[in-house]
Every structure is written in C-alpha cells, then in structure tokens.
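Everything below concerns the one structure shown next.
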Number of protein chains: 2
Amino acid sequence: MSPAARGATIRMSDVARAVGVSAMTVSRAFKGDDSVRPETRDKILRKAEELGYVFDATAANLRQNRTGFVAVTVPTIDSANFAQTVRALTQGLAREGLQILLANTEYDPAQEEAVIAQLLRRKPEAVVLTGGQHTPRTRQLLRASKLPIVQLWDLPDDPLDHVVGFSNAASIGLLVDHLVSRGRRRIGFLGGDSDRDPRGRQRRAGFVAALARHGLETFRLAPLGEPPISMAAGAAALDALLARHPDTDAVIGVSDLVAFGALAECQRRRIAVPGTLALAGFGNYEIGAVCAPRLTTVDAHAERIGAEAAQLVGALLNGDRSGPPRRIEIPPALIIRETSGEPR
Amino acid sequence: MSPAARGATIRMSDVARAVGVSAMTVSRAFKGDDSVRPETRDKILRKAEELGYVFDATAANLRQNRTGFVAVTVPTIDSANFAQTVRALTQGLAREGLQILLANTEYDPAQEEAVIAQLLRRKPEAVVLTGGQHTPRTRQLLRASKLPIVQLWDLPDDPLDHVVGFSNAASIGLLVDHLVSRGRRRIGFLGGDSDRDPRGRQRRAGFVAALARHGLETFRLAPLGEPPISMAAGAAALDALLARHPDTDAVIGVSDLVAFGALAECQRRRIAVPGTLALAGFGNYEIGAVCAPRLTTVDAHAERIGAEAAQLVGALLNGDRSGPPRRIEIPPALIIRETSGEPR
DNA sequence: ATGAAAGCGCTAACAC
DNA sequence: GTGTTAGCGCTTTCAT
C-alpha cells in the first residue's frame with residue numbers, strides 16, 4: 001500500500017522511491033538546483049504532482065535554520081493607513097520569498113510585548129514594528145534576538161535599529177504654515193490626547209510648536225479619547241471646540257477621518273467650509289480626495305513606507321548587514337485642496 | 001564558554017544542563033505540564049529567562065506535526081470590510097493559540113492559486129478564504145490537503161467545505177424593497193460589472209432580480225471597472241448614469257464607498273439627496289454613519305463573520321470534525337438612514 | 001549528476 | 001515527578 005493510500009503524509013523519500021532516485025535529488029529538484037538533469041527534474045516534479053506531494057517548509061526551516069518569516073505588528077490592521085503599509089510590505093516581501101506573520105497590538109504596549117514574545121518563538125528573520133510603543137522588556141527581547149528590527153511611521157529619538165518613517169510633528173507644521181499663509185489665525189486641533197497613540201501626540205505637539213513659531217494662541221485643543229479614533233469622535237470634538245472657542249477659523253484633525261467627521265458636522269450645522277472655517281486632516285485617506293469640499297491634508301506615503309521597509313528587509317537578509325542602522329526618511333507632502341480656502 | 005557567549009543558539013538542553021534536569025523536564029515546564037514540581041518549574045523558567053532562551057516553535061511543530069497556523073486569504077487587506085473580518089479572525093484565533101498566515105489575492109484567481117500553493121507548504125491546520133474565486137487547481141489543492149476549509153463572505157452553491165457568509169444578492173433585495181416602499185421607481189445601480197468581483201456581480205444580479213420582482217425597469221446600470229473599486233469611480237459612474245437616464249430617482253452603490261462618491265458628486269452638482277435622488281450603499285462602512293446626509297446601507301456584519309469563522313476553526317481543530325460541513329449564515333441587516341428619504 | 005549519513009531542536013512513548 | 005531513546009522531514013556535508 002502506498003503512503004498516500006495509507007493516509008500517511010507523503011514525504012520527499014516517497015517521491016524519491018517512486019522515481020528511483022534519492023531524497024537528495026528530489027530536494028535539489030524542488031529548489032531548482034541546476035545540478036539535477038532536466039529530465040530527472042521533470043520526472044520528479046511530475047511524480048510529486050501525481051502523488052500529491054506537498055513540500056514541508058517546517059522541516060526545511062528547522063534544518064536550514066531559516067524560516068522566511070518576517071514578524072509584523074500594527075496597532076490595528078483595521079485602519080486604512082496601516083493596511084496600505086502592510087499590503088505594500090506583504091507584496092514586497094513576497095517577491096523575496098518572505099511571508100509576514102501579522103499581529104495587532106490594539107494600541108497597547110503590553111499587548112505588543114505579548115505578541116512579540118509569541119512571534120519570536122516562530123523564529124522570524126526580521127521584525128517590523130508599525131507605529132508601536134515599546135515596553136522596556138519589548139526592547140530587551142528584540143535586542144536580545146539580534147534580528148534586524150525596522151520601526152515604521154515614526155522617527156524615534158532612540159531607535160531600536162532601522163527606521164522608515166517621518167516626523168509626525170513636522171507634517172502638522174506644514175499644515176499650520178499653509179493655513180497661516182491663507183490668513184487663518186485662530187486655529188484648533190482635534191485629537192492627539194491619548195497616551196496610547198504617540199504619533200497622534202506628536203502631531204498635536206507639532207501643532208502647538210508651529211503655532212508658537214507664528215506667535216499664535218495654542219489653546220484650541222479638543223480631545224478625542226482613546227484610539228482607534230473615529231469620524232464620529234471628530235464631529236463631537238468639533239462641537240466641543242466651537243462651544244469653548246466660537247471664533248475658531250481653522251481646525252486640523254489628527255487624521256483625515258477626524259477632519260471628515262468635523263466636515264460632516266459643519267455641513268449639518270451649516271457652517272461654511274472653508275468660508276467660516278477652514279479644515280485640514282492628516283494621512284491622505286481616499287475620502288479626502290472625494291468629499292465635498294475636498295480636504296486639505298498631508299500625505300504620509302503609507303504605501304511607500306511599506307515598500308521601502310520591504311526593500312530594506314530584503315537587502316538586510318541578503319547579507320547586506322554591515323554598516324550602521326538605516327534611517328530612511330519619507331518626507332510627508334502637503335496636499336492643498338478646497339477645505340483650506342483660496343489664498344488671501 | 002557558554003552557548004550564548006559562543007554566539008550559538010540556546011536550546012532546551014542548554015537550559016536543562018544549567019538547571020540540572022533533562023530536556024524533557026524543560027519541555028514540560030514550558031508547556032505548563034502539572035507533572036513538573038512547581039519549584040523545578042520556576043527554577044527552569046527563571047534560568048531560561050536568564051540565559052535568554054527562546055522556545056523554537058519550528059522544531060516543536062515538526063515533531064508534533066502541528067503548526068498552529070491558519071492560512072487566510074483576502075482579495076486585499078486594504079479594504080475596510082475585509083480588514084474588519086481579518087482583525088476579528090486574528091483575535092479569535094489568537095485566543096486558541098493560532099497564528100494567521102495572511103496573503104492577498106489582489107482579486108485574481110491565478111494569484112489566489114499561487115499564494116495558496118505557497119501557504120500549504122507551511123502546513124497550516126485550516127484554510128480560510130475570504131471572498132475569493134477559485135480555479136479548478138485551487139479547489140483540487142485544497143481538497144487534497146484534507147484540511148478544514150472555510151469560505152467567507154458568500155454562500156457558494158458548491159462550497160469547498162464550511163461556509164460563513166450571507167447572500168449578496170438578497171442583501172441588495174433588502175435595499176430595493178426599502179426604496180420601493182419609499183416611492184422610488186426609477187432605481188439605478190453602480191458597479192457589479194467586473195468578473196474579478198463575484199460578490200459585486202451577485203449584488204448587481206440581486207438588484208436586477210428585485211426590480212423585476214417589483215415590475216420595474218432594470219436597465220439603469222453603470223459600470224465601475226476593475227476592483228478595488230474607489231469612491232472616485234462612484235462619482236464618475238453616477239455622472240454616466242444620470243447622463244443616460246436623467247430621470248433616475250434612486251441609486252444603489254455596490255458598496256458604501258461607491259455610494260459616498262455618488263453622494264459627494266450630488267453635493268457638487270447640487271442634486272438634492274434624498275429630495276431629488278435617494279442613495280444607498282452596502283457594507284455599513286463608518287463613513288455612511290457620519291456623512292451628511294447619513295447613508296442608508298446594509299450591514300454585512302464583517303466583524304461577526306471573522307469572529308464566527310474563528311470560533312468555527314477553533315471548534316474544528318479541537319476534535320469537533322464529525323458531521324457535515326457547517327454553513328453559518330449571518331443575515332445582513334438593513335440600516336435605514338437619511339439618504340433614502342422619509343416614507344411617503 | 002547523484003547518493004549516504006548525520007543532524008536541525010523539539011517531544012511522543014515508554015521507563016522508572 | 002523525571003529521564004532515555006528515537007524520530008519528525010528535510011538539507012548540509014562529503015563522497016563518488
């Protein structure tokens with residue numbers, strides 16, 4: 001009785017026996033080694049197909065001490081910007097034969113620590129952290145692993161290793177400068193109030209710093225609460241801000257989702273945008289390019305961050321591990337649309 | 001010289017030697033086996049920590065012939081509905097100690113076939129297909145694997161195995177009935193024209209069938225082109241539809257994104273919604289609950305699909321594999337909001 | 001161009 | 001409660 005008929009797993013040696021070669025030759029045929037005669041190779045692959053043989057990556061990984069895994073964390077995959085980054089990363093790594101191991105941290109450093117500890121047991125060859133916040137133990141685990149680490153969506157002062165990101169603070173500075181150039185002076189900010197979203201905090205800090213640079217008041221801040229932040233929270237925050245500061249003439253949302261929530265609220269309250277209130281967001285979400293009026297924003301190049309990270313990981317795993325940690329800065333781009341009004 | 005100092009990997013046997021027990025005891029301690037004396041266990045875990053030992057799941061998987069992987073495909077993770085499903089699935093499976101292996105098919109059956117062939121080499125314990133389209137070879141590979149298969153987001157006539165989904169056609173029927181009850185008669189549909197998006201096609205077919213049931217004209221169809229479908233395409237499709245059929249009094253989008261694009265276009269063209277034109281979408285995206293006016297839609301319960309799938313996979317892998325394939329139907333819910341107007 | 005032997009790090013099975 | 005032995009399915013290494 002054949003192994004398949006017995007219900008047993010079909011191994012390389014089964015294919016080898018059926019063809020009349022050794023397991024080694026089958027192994028070589030499967031990895032495309034030229035040293036196998038083409039006819040032998042074809043015979044092997046045909047027989048493998050016929051027997052329903054499926055290569056066992058687990059066994060190969062154990063022996064080779066290489067898994068082809070890249071561990072990836074995101075606060076949540078259910079956020080368009082992170083999803084774009086993960087998609088580009090997945091595709092770029094797939095081209096190198098690498099498979100991502102994805103985990104969500106839910107914006108929680110403790111959960112990040114837990115998922116990273118689990119992922120490390122899978123013996124990934126690199127770790128990509130998308131906008132996380134790391135406990136001391138997380139940092140220790142990662143350093144002890146000796147793996148290449150890539151931090152995304154930020155430019156940390158004290159990076160673990162490599163970085164592909166941008167300055168969240170500076171990106172909001174771009175928006176403030178633009179709004180000021182359009183004559184706005186009483187500018188508010190929605191969000192950036194949660195400890196669980198450091199990048200949001202940095203954007204708010206960048207907002208305050210930019211206003212101060214222009215000699216403007218910096219107290220028009222409305223909290224949004226805990227991430228994930230929602231459009232509805234943006235609408236509520238706008239209400240709260242206008243209740244306290246009715247003379248506000250421009251508002252920046254910590255993300256386009258928040259800004260869009262504010263825009264919808266303006267439409268409901270018949271507040272003219274940009275006539276009475278200018279609006280701007282962050283992240284260049286699809287919605288901002290389509291809503292009426294279209295939303296001024298900052299493009300953080302979410303996909304490009306993922307693509308660059310994939311390329312970096314590919315290079316690092318192909319032996320290019322000399323030299324200091326890379327720090328790839330992807331400068332955000334101001335996208336001026338209708339909600340910030342015409343120049344005055 | 002210690003293994004760590006030599007730069008060599010630290011194995012269980014290294015921990016065992018350091019503590020003065022056998023590798024088996026370390027193994028038991030790590031899996032929480034009660035038969036290890038608590039003090040021994042503590043000593044082992046402390047020593048492991050001290051030595052920087054990291055459990056090697058690859059070796060354990062090979063030996064146990066269990067990986068804890070679940071292969072998951074989506075057309076693209078960069079779509080809010082699929083991202084919600086994947087997030088719920090990831091979290092549900094994590095509770096069972098299972099790790100997802102995610103791959104995007106890019107709405108392409110050939111790519112789906114390729115990624116599934118790759119994923120199967122990793123020896124997943126189950127395969128979850130989110131809204132795919134399967135080539136004969138894909139079906140053959142999956143059947144030959146003998147693994148539990150779960151198809152999501154659909155109720156296929158000829159399922160591979162288990163199903164967690166809903167009728168895309170019937171869900172649009174809900175919207176048509178609702179619009180008709182509000183006095184709309186000349187109803188159009190945006191999208192559902194691509195072979196690469198079978199669920200979109202089913203929604204359009206459901207639209208045509210529902211109109212026919214009401215004795216209404218069924219020719220107000222505007223194409224959107226290839227997925228992923230965008231808000232901007234929704235705006236353009238609305239233009240095309242109104243150019244050919246200016247008397248249209250209601251429009252359904254194949255998704256909320258499309259419907260929102262149409263809504264934005266109406267705002268730009270000063271078409272009153274719902275006064276002149278009623279609008280509805282599909283998928284209960286966040287945007288529909290926030291935009292002004294708020295969008296009538298159908299909730300397909302994306303998260304619940306993921307959660308149910310996780311539970312099903314968990315049950316199947318915990319021995320509950322008797323009985324026929326499960327077919328879990330999650331009925332979509334009509335969500336009536338402002339864009340479909342008041343009852344007449 | 002192909003094969004034989006050894007071993008990757010863990011755990012099932014059995015022993016005590 | 002703990003230890004010994006063998007082996008998971010592949011590939012490294014060395015041989016021919």
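Labels below follow one simple rule: chain letters A, B, ... track the order of the sequence lines, proteins then strands, and each chain is numbered from 1.
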Indicate the atoms forming the closest heavy-atom contact of A:Gly131 with A:Pro75, along with that distance. O-CG, 3.3 Å
I need the minimum non-hydrogen distance between B:Pro109 and B:Thr138, along with the two atoms involved. O-OG1, 4.4 Å
Using a heavy-atom cut-off of 4.0 Å to chain A, what are the terminal contacting nucleotides of DNA chain C, in 5' to 3' order? C:dA1 to C:dG9
By ring-ring contact (aromatic ring centres under 6.0 Å, His included), which residues pair with B:Tyr53, not counting sequence neighbours? B:Phe30
Side chains of residues 112-121 of chain A: which donor-acceptor pairs under 3.5 Å do they make with residues two or more places apart or in other chains?
residue: A:Glu112; atom: OE1; partner: A:His134; partner atom: ND1; Å: 2.6
residue: A:Glu112; atom: OE2; partner: A:His134; partner atom: ND1; Å: 3.3
residue: A:Glu113; atom: OE1; partner: A:Thr135; partner atom: OG1; Å: 2.6

According to ring pair (Phe, Tyr, Trp, His ring centres under 6.0 Å), does anything in residues 57-77 of chain B pair up with another residue at least two apart or in another chain? List the pairs. A:Phe69-B:Phe69
Near DNA chain D, counting only heavy atoms under 4.0 Å, which residues of residues 27-44 of chain A show up? A:Ser27, A:Arg28, A:Lys31
For DNA chain D, which residues of residues 62-69 of chain A approach it to below 4.0 angstrom with any heavy atom? A:Arg63, A:Gln64
In Å and rounded to the nearest 0.5 Å, what is the CD to OG1 distance from B:Gln99 to B:Thr90? 8.0 Å
Inter-residue atom distance B:Thr76.OG1 - B:Tyr107.OH, 0.5 Å rounding: 6.5 Å
Any side-chain heavy-atom pair of A:Gln151 and A:Leu160 under 4.5 Å: yes
Is it true that B:Glu50 and B:Lys47 have a side-chain N and a carboxylate O under 4.0 angstrom from each other? yes
Can you name the side-chain hydrogen bond (donor to acceptor under 3.5 Å, both in side chains) partners of B:Gln91, sequence neighbours left out? A:Glu106
So side chain to side chain donor-acceptor pair (under 3.5 Å) across residues 155-164 of chain B, not counting sequence neighbours, yields B:Arg139-B:Asp158
Provide the full list of side chain to side chain donor-acceptor pair (under 3.5 Å) pairs with a residue in residues 26-35 of chain B, sequence neighbours left out, each pair given once. B:Asp33-B:Ser35
Residues at least two apart in sequence or cross-chain that pass side-chain contact (heavy atoms from CB on, under 4.5 Å) with A:Ala59, listed by chain then number, are A:Asp56, B:Leu62
Between which nucleotides of DNA chain D, 5' to 3', does chain B make heavy-atom contacts below 4.0 Å? D:dG1 to D:dG9
Side chain of A:Thr85, backbone of A:Glu303: donor and acceptor closer than 3.5 Å? no
Under 3.5 Å: donor-acceptor pair, side chain of B:Glu125, backbone of B:Thr67: yes
The helix from C:dA1-D:dT16 to C:dC16-D:dG1: angle between terminal helix axes, five bp per end, to the nearest 10 degrees, reads 20°
